Amino acid sequence: MDGKLEMSLDKLPVKRLESIEENGFERFPTDIGYDEKQVSLIRRIDFGWAVEKEDEEKKQKKRQKKSSRESSSTTTPWPWKNMVENLHLAHQELSVIIDLINTVEANDAVTVAGMTRPKPLPNEILADLAVSTATKLQCYRNLGKYFKQSAKALEQQVAREARFYGALIRLQQNWKVKRQRVAAIAPGNEGFMIDLFDNSLYDSVAVFQPSSLSTIRIDHNSDGMLAINLPSKSCHSLLFGFLSEHSNAGPKKSNKSKTHGSLENPSKKPEKESLSDNECVKDTHLLLRKVHQTIFDEQVFEMVNRGAVNQSSGLNVTGIQENYVQLCIGPGISIYVSVVPSDQGDQAIDSEDPENLESAAVPSDSFDGVKLAEEKHNSLTKKTSFPNCITCEIYLKQIFHEYIFVEAKGRPFSTSTRMPGQPANDGSGLLSHFCLSLSHRIISNKVLMELENVVCRVPYLHLISHPTWHSRSSAWTIYMKIPPSILHASSQARTPDIQNMKNVKSEFWTKVMVRDDCINIEAEGAPNVVGLFKDSSDDICSTNKYDCNLDDLPVIILQQVASQVIRWLHEEALAVGIKANRDFLCLSFELEQGEILSLVAHVDPEDIQGCISWLLTMEDSFAEEKKLHMNIADGASEYRKFLGYLPLDVLYSTLMDLVSLCGGGSH
Amino acid sequence: MNKAGGIAIGGGGGVGSGPTTSAAAAAAQKQKALMVRVETDIANIVDNFTHLVNAARINDTPVRNSQEACTMDMRASRMAQAADSLLKLVSELKQTAIFSGFASLNDHVDQRIGEFTQLAEKTDSLLARVGEEAAASLKELETHYYSSAQRTTQTLEP
């Protein structure tokens, strides 16, 4: 309102004389009732001033508009000023009306009969319509933005789920996927897990406890892709090694595949998502396979542990720790089986001492058998006697694998042809078998080296290997064949009446078999070698069979071979009609003068030039007393002559010379 | 989702041993429930969108316009919610497929078993062949070595 405020004052509630009549009667106005008073008060409100004011304001606006149009180029008034002023005025009028309506409503006698709105002008109608339209359009635009955002979020969610479930379905092709039925699941984790524990392997007694790695939880990475996170050094692997007095073969390294310890999040660019998904799934497969192998290695170690501590197994346990078992398999030879983290194994490969590599696994076929120095012989003896640690580890895993996955399931398997006579179906039996196999391998390597040494120094011997395909038995044959040239000469030298006789034996063999740690020799055509120790070597058997130990093996072999040569020479002498006597390593001829001319074989495994040397001795009937005083080492004695390391053809010619000396024979 | 997964595992276990009537009935009921959900969600989306389109009409009273603005927000939210519900349904179906697709899984497992058995047999035969060849080579090499000039000349040396 303006500054002027008109007020109307009621008359004082004093009865005022309205009129006086001539007779003096005073007439007062009638009392107005309460309701009539209120009505009269209301009617006194005059809004004419507002109407007049509105008209004046409209005139003013028109004048201002005119002036503004004239002066619009110079000044720029605030564009919303008029609107603000109009709003203020409207607010004031509205306040008055509201007060009036409240007063009217408070007065029960008077009610608002009706309110008529002034008819809006066309431009006002259009303005309202425009405002409404603009408002609604803005609403729709906001809705559009909202829909776009929602669509984008849903598309991302669909893509993430598609990647996740696609990878999960691919994993499920090879692994057992399970789900936790837990209500409170962390956001982004639906409770999927992969179970690596094979329930079908074990009986109801639950021989094996599930490893901590048996259940692996599937998580989401930052991109929503499937991820498996394992703590570092959670994957272990089995480690096998030898410990001996000679070679300090410490914890060597066995096969360690280069796999990942934890899955790396694919941080590829968005345009290579499909490639990273494949790689992600592949990496997950590799990781799960590594965990699977870890579980298997732990099972193997547990069985080894159980077999070792089993008192009925008969194994000699020399050390046992949390993840380490040491067993003694022979004099001064121990093996250890341990479980180490795979990361440690990977590092150990790089930093391994080359000396350990040499001492670990040098196969025996690399052995140079042509020329052999003694020092080299000793060092090679120590080096080549141990089998390869990796092969032993593989063998250990294989025999336990067959037990765990084959026999426990009662399912036939086709790889048992290589190992007939598999031991008892329990862990301790398997471990005993494994230890016996290792000790056998070590002993057989030593036996082979001894045989090679012997064959190397005796030119007319052949060594033939016979692979047995059995882990605890090995066999060789030392073969001696008389050269055809000698046989031809022999056949020409025979007397006619003897030529119809059976031909002289020209092939001799000596079989060496090793079963576990027992060496068994089987030879033909020689007196019983064991009779040598019993001072009765006259027993002649077509085939001898006896056991010996490693230290005596070279001597026994050489004696066997020498006796076979003596036998051959004896038969050749008989073939030309000369009577000769055969002793263990001696072929004797009796001369006309009563002297005994003997061809004696001398065996010495340590002789570098040759293991079998020959001596010619002459004895007469008076030489018995002098025998005890003769110096055996003196090869220049008149009763003894050292002939040297004679080959077979020279031996034969020597024999023929002796025969001619005897004066007998057809020629 | 847990319930759906549980039903899936239970239904899958029944199917694995042979389709019993109860398992078949449970599966049919579940399928029906899923279809109902799908249709509900889709009808929800269509209905709300229809209302949104209908609310485009401009009314005279500003009050009604304001009312319609609030209604539009509500309809849009309901549409987004229905879409999210459909996506969750799809996730449930995928999980059901993971835990109930025994036929294809068994076939795949059998196929892999066959492949690995074949591979094992092949490896065994390969190992046997390698062993036989090694034995034959060893025998041949031994024969050659011991009959070689090196050994025969060695025999001539005293």
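Everything quoted here is computed from the prediction, not taken from an experiment.
Heavy atoms of B:Ala134 lying under 4.5 Å from chain A are absent altogether. For A:Tyr140, the parts lying near chain B are the backbone and the side chain together; criterion is any non-hydrogen pair under 4.5 Å. Contact of B:Thr143 with chain A is not made at all, since no heavy-atom distance falls under 4.5 Å. For A:Gln157, the part sitting under 4.5 Å from any heavy atom of chain B is the side chain, from C-beta outward, and nothing else. Only the side chain of A:Leu168 comes within less than 4.5 Å of a heavy atom in chain B; its backbone stays farther off. With a threshold of 4.5 angstrom between heavy atoms, B:Glu132 approaches chain A through N, CA, C or O but not through any side-chain atom. Using a 4.5 Å cut-off between heavy atoms, B:Arg64 makes no contact with chain A at all.
Among A:Cys139, A:Gly644, A:Pro467, A:Ser132, the residue with the largest count of heavy-atom pairs under 4.5 Å with chain B is A:Ser132. The candidate from B:Ala69, B:Ser66, B:Ser77 with the greatest count of non-hydrogen atom pairs under 4.5 Å with chain A is B:Ser77. The choice from B:Thr123, B:Leu138, B:Leu87 that makes the most heavy-atom pairs within less than 4.5 Å of chain A is B:Leu87. Interface check for chain B: of the options A:Glu161, A:Gln173, A:His466, the most heavy-atom pairs under 4.5 Å are formed by A:Gln173. Counting heavy-atom pairs under 4.5 Å between each of A:Thr135, A:Val177, A:Leu143 and chain B puts A:Leu143 at the top. Contact tally against chain B (heavy-atom pairs below 4.5 Å) for A:Ala162, A:Ala153, A:Ser465, A:Ser150: the top residue is A:Ser465. Ranked by non-hydrogen atom pairs under 4.5 Å with chain B, the options A:Leu463, A:Ile169, A:Leu643, A:Val650 are led by A:Leu463.
Taking the six-membered ring where tryptophan is involved, the planes of A:Phe164 and A:His220 are essentially parallel, since the angle between them stays under 30° and well short of 60°. Note: A:His401 and A:Phe296 have perpendicular aromatic rings, judged against thresholds of 30 and 60 degrees for the angle between ring planes.
Here the closest non-hydrogen pair linking A:Tyr460 and A:Leu646 is CE2-O, 3.8 Å. Nearest heavy atoms, A:Leu461 versus B:Tyr146: O-CD2, 3.7 Å. The two residues A:Val458 and A:Cys611 make their nearest non-hydrogen contact at CG2-CB, 3.9 Å. Closest approach of A:Met225 and A:Ala167 over heavy atoms only: CE-CB, 3.4 Å. Nearest approach of A:Ser444 to A:Trp476, heavy atoms of both residues: O-CH2, 3.5 Å. The minimum heavy-atom distance between A:Tyr645 and A:Gly610, with the atom names listed, is CE2-O, 3.1 Å.
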>> Before you tell me yes or no, could you show the steps for A:Gln398 and A:Tyr395 under side chain to side chain contact (heavy atoms under 4.5 Å, CB included), namely the whole-Å CA-CA distance, both residues' side-chain angles and the distance that decides it to 0.1 Å?
In response: CA-CA 5 Å; A:Gln398 193 243 343; A:Tyr395 183 54; 4.0 Å; yes
Can you check salt bridge (Lys or Arg N to Asp or Glu O under 4.0 Å) on A:Lys397 and A:Glu402, steps first, answer last? CA-CA 9 Å; A:Lys397 287 183 183 179; A:Glu402 282 203 8; over 6 Å; no
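In this structure, B:Glu92 pairs ionically with B:Arg37, as a charged nitrogen and a carboxylate oxygen lie closer than 4.0 Å.
Of the options B:Asp41, B:Asp47, B:Asn48, a side chain to side chain donor-acceptor pair (under 3.5 Å) to B:Asn44 is made by B:Asn48 and by none of the others.
When the heavy atoms of residues 104-115 of chain B are compared with those of chain A, the residues falling under 4.5 Å are B:Leu105, B:His108, B:Arg112, listed by number.
For A:His602, there are no ring pair (Phe, Tyr, Trp, His ring centres under 6.0 Å) partners at least two apart in sequence or on another chain.
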